[in-house]
There are 4 protein chains.
Amino acid sequence: MGDLFWPGAEHAGGLFSQQAFLDAMIEVEAAWLATLVDHDVAPSSAADDLQGLFGADQVDRLSDEAELGGNPAIGLVDLLRAGVAQRNAVAAEWLHRSLTSQDVVDTALMICARDARRTLREHEDRVVTALAALAADHRYTPMVGRTLTQHAVPITFGLKAAHWLTGVLDAADDVAALRLPVQIGGAAGTMAAVVELADADRADAMVKTAAERLGLEPSAPWHTTRTTVTRLGDAMVRTTDACGHLAQDVLTLSRPEIGELAEGAAGGSSTMPGKANPVLSIQIARAALTTPALAATLHLAAAAQVDERAGGAWHAEWATLRTLVRRTIVAAAQTGELLEGLQVHTDRMRATLDASSDGIRTEQSVMAKLARHDPAGDYLGRSAEFVDAVLARARTREGTR
Amino acid sequence: MGDLFWPGAEHAGGLFSQQAFLDAMIEVEAAWLATLVDHDVAPSSAADDLQGLFGADQVDRLSDEAELGGNPAIGLVDLLRAGVAQRNAVAAEWLHRSLTSQDVVDTALMICARDARRTLREHEDRVVTALAALAADHRYTPMVGRTLTQHAVPITFGLKAAHWLTGVLDAADDVAALRLPVQIGGAAGTMAAVVELADADRADAMVKTAAERLGLEPSAPWHTTRTTVTRLGDAMVRTTDACGHLAQDVLTLSRPEIGELAEGAAGGSSTMPGKANPVLSIQIARAALTTPALAATLHLAAAAQVDERAGGAWHAEWATLRTLVRRTIVAAAQTGELLEGLQVHTDRMRATLDASSDGIRTEQSVMAKLARHDPAGDYLGRSAEFVDAVLARARTREGTR
Amino acid sequence: MGDLFWPGAEHAGGLFSQQAFLDAMIEVEAAWLATLVDHDVAPSSAADDLQGLFGADQVDRLSDEAELGGNPAIGLVDLLRAGVAQRNAVAAEWLHRSLTSQDVVDTALMICARDARRTLREHEDRVVTALAALAADHRYTPMVGRTLTQHAVPITFGLKAAHWLTGVLDAADDVAALRLPVQIGGAAGTMAAVVELADADRADAMVKTAAERLGLEPSAPWHTTRTTVTRLGDAMVRTTDACGHLAQDVLTLSRPEIGELAEGAAGGSSTMPGKANPVLSIQIARAALTTPALAATLHLAAAAQVDERAGGAWHAEWATLRTLVRRTIVAAAQTGELLEGLQVHTDRMRATLDASSDGIRTEQSVMAKLARHDPAGDYLGRSAEFVDAVLARARTREGTR
Amino acid sequence: MGDLFWPGAEHAGGLFSQQAFLDAMIEVEAAWLATLVDHDVAPSSAADDLQGLFGADQVDRLSDEAELGGNPAIGLVDLLRAGVAQRNAVAAEWLHRSLTSQDVVDTALMICARDARRTLREHEDRVVTALAALAADHRYTPMVGRTLTQHAVPITFGLKAAHWLTGVLDAADDVAALRLPVQIGGAAGTMAAVVELADADRADAMVKTAAERLGLEPSAPWHTTRTTVTRLGDAMVRTTDACGHLAQDVLTLSRPEIGELAEGAAGGSSTMPGKANPVLSIQIARAALTTPALAATLHLAAAAQVDERAGGAWHAEWATLRTLVRRTIVAAAQTGELLEGLQVHTDRMRATLDASSDGIRTEQSVMAKLARHDPAGDYLGRSAEFVDAVLARARTREGTR
């Protein structure tokens, strides 16, 4: 799953890949078929896991049919039905009963999101752990503060790391809070066909069963209310915002004239072998520059909903979500790698501060002196308290996992 | 506060206006001065409400100085100090002590947001009430469902209204969950100057006092971690998403060939007096087309944070937030007005359904029949249950206010 | 090259694919190696077409290395050099001499754009031809004009088609005007290494030779001035704007209640076999909803240029450009298909107009009458003149090809 | 016209202000009235310049009416007609004849754009002059090249300035190429009413007359083909791209650790009087971060056109265009100011280069040596040739004005 146009894409592995999407759509159909059996709507002979029905050639055919129908579910159902009919005529009859193509696609996207979130949270954990260590280790490491590119009063590097960590924890909270629901609404979101097959009460229970089978949450149909999608998008962007923020600091502080930070394994050059480029930070910054526009597209699509299924606005979501989620995972992975290898040159930090302090004149005037003082003094102590508060928050997160 | 470029702007009144921003910055300085006195850091003679220090000519001067310093707080402090010195030299001495210009601007923006949210929630209430009434009244009003612009199986208009309401409630949840914090960090976000004036423990208490005085939440400094701003932006867009969605449906369903809905007081034409344009829906749709880009800008700014105060990325937020919040309020106000006056032509809905049913062939085949059946039948009953669940959610909201 | 997340992607074939990008990078290295030989900088024994050096396993390795170096050119040069060394040690020595990785990547992107434009223009031709036919055929086909969703004074369908055509011709002008240059600047855009190998005058001639070999235009280095990229992006969006505009009209006018247009081969439904969805229009509208954000990303990247090569801002372009160009081609292809099959129901147009005319009251009052009059009358004649002017413009385009 | 949310806004003066928009709409009505008289369609007694008909209270009333009609032209025509009737009943009768509100609004926007372009080009001239001087003066000023934040081979500062200039000239070309047309189409873009009043041939001549009176270009109606608007938007963004690019370099190179550039009159701090912030660069960078999203909104609106006038998509343009154009002018003005005052520390450039050269190892190895060589040597000479080519291009521009 590499991508020469987006180096590092392999971090996202097969998440939200063609195959993953296809598998997820089959998983939806299989879970619903099982649910029909579970609730005695379909006979037990209808049970079928729908595995092994696809060859590579059929994927191509599916792709062609996706354009004809406007989505990949229509052709998929035809192929699955034809395939399963060979071994189980009853399954072929009950397959996709009372679902609509949007049910299959939307639920499959949520399955892809479910798997992606699992991987994302692993990377978040790694990032949080690395940042907590940096913040703790450098609780009393003084460095010059910089505002609007110019030197300001001193800070500690631990405080900077704690601010980075705050952004990551905020994003992680939003990722954790996401509800990923099944979509089971039928042709116009009324569940009419389910109600016809079963009764209204059983319909609810069936949605619950299907959701449990898929590791998603039960939900009323949400064909045209796309909060789920925009919240997912916003949480992804919040994640790349946090990663991008710290990458910008690394890019700045690893400039040779500053030299306070350096990437552990900096990248090479095709012409200058000795050059050490901050390639991870660069690739993280790249992601952060592109994701806000993708999440904005999801909002545009949400606002352009119309009828009981929107033409265009719904279709614009799939690839947008795919790219947005995958880039977020790549950025989070690269951020973990960046932080674990980050070199902190405390000597350069100290040297910059010493050279700068005379020039830093504040209305309190004492500020510069403080930085040359006991690092455990009141002022740095205050920053250390901030650090500790953020570390405590990070530990709470671990506790809740 | 009208705007010929954005008709309806007067719904946002003075919220996030120049004057409101200026007043909010003065409110911040006054609250902090009072806090210094409250905590015996400054003598009680330093107390001053900082009111009445500005004339209109000074606003112009402030505007000029804002460019010189890159933000409006620097010039403001100079003008306030010069002004208050005329009546209270002690206040002049203690004014702005240990604050930085970002503290003043960020907290002032949160004050503007605090006031804007209050107004926004009033409009949300109106929208929720109107939608709940529509959903309840039309629980059993059948109409044709439409997917991808074409007729699908029947729905009820109550169900459609309930979906609209779901989107609005989702957005309102996000608006309600926003935390609007004070920003008190000093020159580089370390609170060094506060700690110097008081001690570390008292510093925390002082932030709390200032927050209480301003109706905001206490917070550690967030100069470069902009989650507060992006969450605010995302919640605004989620609101216009929800409003935009229902406006699209009204625009479609009020086309003369469809005629199932109509705006209560449709707009005129400069050339065709008899023409009734869905002007509120148009203006709501307009907002929804523009806000995602604005929220994306806030994310870009959040990701471009660097140093202890970012040059450009911070400055890009102010006007973006202003426009985003004001447009959201205008859209919410217009949505309330739209819904309260909305004409529902149940006869046209029924006629379309009757004309269409023969053509709607589903695999269940019974669907079309159902719609001509007893409106209290199983199928419409299911939609009514959805409606009731959303209405219950809407009532919960009222309960918590 | 199908994509289940973006049905219809196969219209873009291998354009801007991984393989195309890889091939283009090799094409750049080969053209430069040949140029070195052409100008007697390298010995004639250095000539090598660099073909056949790659196996599929190396593509994976290249993908891994791309992350390490931040771009795919660095690893590529290593692999090419190692490969070619097996058969031509002199070529291995001269390969990539005086180029930098950005030269290879940027020129390869222009090669991809060169090929993409060729295909795009074929689709544009098809769209222009189909639109010209519609405009000509329906020069006197009256239909109701609609403004703000409501009926206004009559127009002709030919006039509507001529407006669509104007948008397409505008976009095509911008696509035709694009200059696609080589990038040959060396490590910091100074061509220092070329000048060292040859002299300054020959350096210019070498750039020209390389450009001719590649079918691109000669150019001074443009490592950080990205007008080429943003103009390319803007031209793509202008194309999807034009396609999206007409798709919106088709989506509206093919609603069953209106029925004035219909897609030739409308798409199916997974549950309702009789339903005919305007799937091409839907997929075109989808594209138009997503491309403005992509072009905006290219602008953001252009504005974030810094140093002699920007970290992040450059890297964000590649995948963005790939997706933007491919979607534009898919949309143009689908627009051609849509228009060639478009069904124009002039009877429905006439019927709507007749039903509506009594209700259309203009200050001129005569308007409605006119539409029932002689179709060659003054008023429709005026629209026909507009049509003819646009048709003349379309013919000019053909003449210049 | 200052804006505390957007310091520096006063550079855009009254351009695209409420008053300017209002005046422009009146200018349109007056020009059209005069045109009707010019062509003997209206009697000469209908002539009226429409001046002096508005009081401040009517602006507020207009603002209210704008929401009722969805645009400001409807109320304006009513007020103008009532006003002019007091002094000229014939003018009142002929006012706005055969125009529609979109004609008035669109043409007024083009008038605003016409005036804005005039101011923008003055700022462009200033920027071009300043950049040409920097490029010429520093043709042989060596400095270290930087790629991906790290030191690369040497460049000259003149070359860097020439690259900045190239971006500005590219943008200026696009600004100069803009066609700003009148919009005269009538109710549905057919010019039906004009044709009724005159004949088809005279209608064309009338459009030409009106265009000449307004300093705009004649055009067929473009109610739904919005190329004019998106090209205008794209040219603005291209301008802020170019300004943003150089601002990023100034922000980087004026960091105290680098110190190769400095703003002439750097901004102050509310707490640290000695601090010199690069406030102009910051404000320019701010603009460049926000404009791509605004231009993207114009594209979205162009693609969402439908019917003969789009509800929402048209309305979203006005304020977007206003903000986009004004910000571009402010950024261009600040860029001129920045460049005129820019301090170039050639000693620091030299010192960085000397310190860095030993570490710069290129495959050509000779590179570092070259920079310490004769500044007129081959390598720097090559950069000087680039500079001269760009300067020649800049001079061509002057020649054509």
Side-chain angles (χ1 to χ4, degrees), chain A residues 70 145-149 152-153 155 159 163 166-167 170 187-193 195-196 199-200 203 220 224-225 227 230 234 237-238 240-241 244-245 248-249 252 288 292-293 295-296 299-300 302-309 311 362 364 366-367 370 378-379 381-383 385-386 389, chain B residues 70 145-149 152-153 155 159 163 166-167 170 187-193 195-196 199-200 203 220 224-225 227 230 234 237-238 240-241 244-245 248-249 252 288 292-293 295-296 299-300 302-309 311 362 364 366-367 370 378-379 381-383 385-386 389:
Chain A
R146 293 173 173 91
T147 54
L148 309 174
T149 74
V153 300
I155 62 165
L159 181 63
H163 282 312
T166 299
D170 288 346
T190 57
M191 295 186 65
V195 172
E196 186 201 352
D199 53 71
T224 58
T225 50
T227 312
T230 61
D234 292 346
V237 184
R238 193 123 39 238
T240 59
D241 289 350
H245 168 198
Q248 288 298 336
D249 266 330
T252 298
H299 279 290
L300 282 168
Q305 294 298 310
V306 67
D307 296 333
E308 278 57 66
R309 184 174 316 153
T362 73
Q364 293 85 20
V366 75
M367 210 121 296
L370 266 169
D378 258 14
Y379 153 62
R382 178 64 196 144
S383 287
E385 280 176 29
F386 282 144
Chain B
R146 292 172 174 92
T147 55
L148 310 174
T149 74
V153 299
I155 61 165
L159 180 64
H163 281 313
T166 298
D170 287 346
T190 58
M191 295 186 65
V195 172
E196 187 200 350
D199 53 70
T224 58
T225 48
T227 313
T230 61
D234 292 346
V237 184
R238 195 126 35 239
T240 58
D241 289 350
H245 168 198
Q248 288 298 338
D249 266 330
T252 299
H299 279 290
L300 283 168
Q305 294 298 311
V306 68
D307 297 331
E308 278 57 65
R309 185 174 315 153
T362 74
Q364 294 84 20
V366 75
M367 209 120 296
L370 263 169
D378 259 11
Y379 152 62
R382 177 64 195 143
S383 288
E385 282 177 27
F386 282 145

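Just the heavy atoms: all of them, side chains too, but no hydrogens, waters or symmetry mates, feed the values below. Please read all numbers here as calculations on a predicted model, not as lab measurements. Proteins get letters first, then strands, A, B, ... in listed order; numbering begins at 1 in each.
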To the nearest 0.5 Å, tell me how far Asp307(A) CG sits from Thr149(B) OG1. 7.0 Å

Does the pair Arg238(A) and Thr230(B) meet the rule for a side chain to side chain donor-acceptor pair (under 3.5 Å), with working shown? CA-CA 8 Å; Arg238(A) 193 123 39 238; Thr230(B) 61; 2.8 Å; yes

Whatever's closer than 4.5 Å to a heavy atom in chain A on Thr224(B) counts as both

Between Leu300(B) and chain A, with a heavy-atom cut-off of 4.5 Å, which part of the residue counts as in contact: side chain, backbone, both or neither? both

Using a cut-off of under 4.5 Å for heavy-atom pairs, which of Asp234(B), Thr227(B), Thr252(B) has the most such pairs with chain A? Asp234(B)

Could you tell me which non-hydrogen atom of Leu159(A) sits nearest to which non-hydrogen atom of Ser383(A), and how far apart they are? CD2-OG, 3.4 Å

Name the member of Pro292(A), Ala188(A), Gly244(A), Ala220(A) that forms the most heavy-atom pairs with chain B at distances under 4.5 Å. Pro292(A)

Checked Val237(A), Thr166(A), Thr240(A) vs chain B; the most non-hydrogen pairs under 4.5 Å come from Val237(A)

Audit row: Phe386(A), Met191(B), side chain to side chain contact (heavy atoms under 4.5 Å, CB included) steps and yes/no: CA-CA 10 Å; Phe386(A) 282 144; Met191(B) 295 186 65; 3.5 Å; yes

Would you find a donor on one side and an acceptor on the other, under 3.5 Å apart, between the side chain of Glu308(A) and the backbone of Arg146(B)? yes

The interface call for Ala295(B) against chain A, heavy-atom contacts under 4.5 Å, is neither

Assert top hit (heavy-atom pairs under 4.5 Å, partner chain B, pool Glu385(A), His299(A), Gln248(A), Gln305(A)) equals His299(A)

Side chain proximity check, His245(B) to Thr225(A), heavy atoms < 4.5 angstrom: yes

